[in-house]
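In the text below, chain A, chain B and the rest are named by the order of the sequence lines, each starting its count at 1.
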Protein chains: 2
Amino acid sequence: MELSCKTEYALLALVELATHHNTGTPLQIRQIATEQDIPDRYLEQLLATLRRAGVVKSQRGAKGGYLLAREPWKITLWDIISSIEGLDSPQQSVDENPKSAESTVVAEVWQEARHAAESVLQRYTLQDLTEKRDARQQRNIMYYI
Amino acid sequence: MELSCKTEYALLALVELATHHNTGTPLQIRQIATEQDIPDRYLEQLLATLRRAGVVKSQRGAKGGYLLAREPWKITLWDIISSIEGLDSPQQSVDENPKSAESTVVAEVWQEARHAAESVLQRYTLQDLTEKRDARQQRNIMYYI
DNA sequence: AGCAAACCCCAGTGGAGAACCGGGATATAC
DNA sequence: GTATATCCCGGTTCTCCACTGGGGTTTGCT
């Protein structure tokens with residue numbers, strides 16, 4: 001239920017990639033890390049996960065770095081979070097423990113709640129986040145006048 | 001995002017209490033535990049938490065046990081989960097780390113998603129769970145005919 | 001070709017919480 | 001007073017999170 005540090009790092013990093021997306025040049029781990037104040041060796045792992053999930057792509061070697069795999073408006077927050085959270089549900093273990101009627105009902109309701117949150121996260125894209133951030137910064141500038 | 005074992009135990013135990021609520025007699029840990037297949041010493045801790053949160057009340061001594069603190073239709077699933085998960089937000093630490101614009105936006109969106117899930121859980125009461133269970137059992141019986 | 005800059009992979013560590021188990025103190029019905 | 005329950009405090013094992021470190025590999029540049 002709580003926003004884990006891990007997920008927040010991933011989101012912040014991708015917002016950073018989204019803002020530099022129009023340049024076409026890759027962003028390096030180090031740059032993202034210093035910009036968003038994330039431990040770089042940790043961020044490296046998160047980006048690796050996101051790459052394997054097909055959210056970002058990487059360019060190895062000198063002058064390498066990371067790029068978004070798709071346009072910012074084609075990446076939803078749910079894409080990111082489900083990738084990083086790893087709800088792979090690896091084995092649909094056909095175990096024969098017949099869940100009680102109570103368990104089944106609880107699971108159904110929980111599923112409904114999770115789906116509600118999921119659909120909110122599906123509605124937001126990286127593009128939306130950068131726009132919301134820019135709008136917020138504009139407002140903050142207004143306050144200073 | 002996932003339903004923890006802990007929370008599921010609490011919900012199952014409370015469903016059990018809700019079904020015996022009309023009798024007016026308290027249910028004991030041991031009974032709930034064997035009925036719902038929960039380790040009893042663990043359930044004891046959960047019920048203690050729920051008691052401190054005001055969801056259930058206890059009766060000590062022989063012939064003691066647990067009772068719902070309110071009627072089953074006045075206890076929402078959110079009441080239970082927030083009690084057990086302990087999202088008390090203990091200290092509103094007025095720390096002076098100015099969150100970045102990106103962090104703020106991410107937090108806002110996350111808040112919105114969490115609120116969506118929360119409102120689903122607010123809509124369901126213990127009464128709803130028992131009714132859903134009974135309806136489901138009726139349907140299962142129909143299948144056997 | 002050589003070198004440095006970047007990603008890639010694997011492994012380990014410290015702390016926190018989950019999911020338990022156990023023992024003794026306390027309250028209550030009979 | 002005794003049996004029966006909850007209450008309270010602690011410890012234990014396990015997993016995950018957050019993070020660090022040591023190499024290896026690919027690539028651009030000169």
Side-chain angles (χ1 to χ4, degrees), chain A residues 1-13 17 20 24-69 81 83-90, chain B residues 1-13 16-17 20 24-69 81 83-88 90:
Chain A
M1 226 53 187
E2 283 309 299
L3 176 57
S4 73
C5 191
K6 190 178 184 177
T7 305
E8 184 172 6
Y9 286 166
L11 289 173
L12 293 178
L17 281 179
H20 288 91
T25 65
L27 255 184
Q28 293 147 22
I29 293 179
R30 184 72 57 84
Q31 295 178 299
I32 305 175
T34 58
E35 198 69 29
Q36 292 293 336
D37 201 44
I38 303 172
D40 51 353
R41 306 298 267 109
Y42 190 40
L43 179 58
E44 182 187 334
Q45 295 177 24
L46 303 182
L47 286 172
T49 315
L50 291 170
R51 180 179 51 81
R52 280 188 280 266
V55 178
V56 300
K57 53 189 174 185
S58 66
Q59 193 169 322
R60 301 186 63 169
K63 306 279 177 186
Y66 284 92
L67 295 156
L68 294 183
I81 292 170
S83 302
I84 216 70
E85 221 99 311
L87 33 153
D88 11 301
S89 71
Chain B
M1 226 53 187
E2 284 309 298
L3 175 58
S4 73
C5 191
K6 190 178 183 175
T7 306
E8 184 172 5
Y9 286 165
L11 290 172
L12 292 178
E16 199 66 21
L17 281 179
H20 288 90
T25 66
L27 255 183
Q28 294 148 22
I29 293 179
R30 185 71 58 84
Q31 294 177 300
I32 305 175
T34 58
E35 197 71 28
Q36 292 293 335
D37 201 42
I38 303 172
D40 52 351
R41 304 302 264 111
Y42 191 38
L43 179 58
E44 180 187 334
Q45 293 176 25
L46 303 182
L47 286 172
T49 318
L50 291 170
R51 180 179 51 82
R52 279 186 281 266
V55 177
V56 300
K57 55 188 174 185
S58 66
Q59 192 169 321
R60 300 186 64 170
K63 306 279 179 185
Y66 286 92
L67 294 157
L68 293 183
I81 292 171
S83 302
I84 215 73
E85 221 99 311
L87 32 154
D88 12 300

In this structure, how many angstroms lie between the C1' atom of dC10(C) and the CD atom of Glu44(A), rounded? 11 Å
For Leu47(B), answer base if it contacts any base atom (sugar-phosphate contacts may also be present), sugar-phosphate if it contacts only those atoms, and nothing otherwise; contact means non-hydrogen atoms under 4.0 Å. nothing
First and last nucleotide of DNA chain D, 5' to 3', lying under 4.0 Å from heavy atoms of chain A: dC17(D) to dG28(D)
Within the pair Arg52(A) and dC9(C), is there a side-chain N or O less than 4.0 Å away from OP1 or OP2? yes
Whole-Å distance separating the CD atom of Gln28(A) from the P atom of dA5(C): 11 Å
I want to confirm an ordering. Mapping Gln45(A) and Tyr66(A) to their closest nucleotides on DNA chain C, which one lands closer to the 5' end? Tyr66(A)
Give a yes/no answer on whether the side chain of Arg51(A) brings an N or O atom under 4.0 Å of OP1 or OP2 in dC9(C). yes
Quick note, Tyr9(B) side chain, CB onward, closest among dC20(C), dC21(C), dT28(C) is dC20(C)
Report the distance from atom OH of Tyr42(A) to atom P of dG12(C), rounded to the nearest whole Å. 18 Å
Compare the minimum distances between each of dC8(C), dA25(C), dA19(C) and the side chain of Ser58(A), then state the nucleotide with the smallest one. dC8(C)
Worked check of side chain to side chain contact (heavy atoms under 4.5 Å, CB included) between Gln36(A) and Tyr9(A): CA-CA 8 Å; Gln36(A) 292 293 336; Tyr9(A) 286 166; over 6 Å; no
Output the rounded distance in Å from CD (Glu8(B)) to P (dC20(C)). 11 Å
Any non-hydrogen side-chain atom of Ser58(B) less than 4.5 Å from a side-chain atom of Tyr66(B)? yes
Go through the steps for Thr25(B) and His20(B) under the test side chain to side chain contact (heavy atoms under 4.5 Å, CB included), then give the verdict. CA-CA 8 Å; Thr25(B) 66; His20(B) 288 90; over 6 Å; no
Rounded distance (Å) that lies between atom P of dA4(C) and atom CZ of Arg30(A): 16 Å
Is it the case that more than 12 heavy atoms not belonging to Asp37(A) sit under 6.0 Å from its CG atom? no
What integer distance in Å separates Gln36(B):CD from dA19(C):P? 17 Å
Note: Thr49(A) and Ile84(A) closest approach over all heavy atoms is CB-CD1, 4.2 Å
Give the rounded distance in Å between these two atoms: CG of Leu67(A) and C1' of dC7(C). 13 Å
Measure distances between side-chain N and O atoms of Gln59(A) and base N and O atoms of dC7(C), and say whether any donor-acceptor pair falls under 3.5 Å. no
Expressed in angstrom and rounded to an integer, what is the separation of Leu43(A) atom CG from dC8(C) atom P? 12 Å
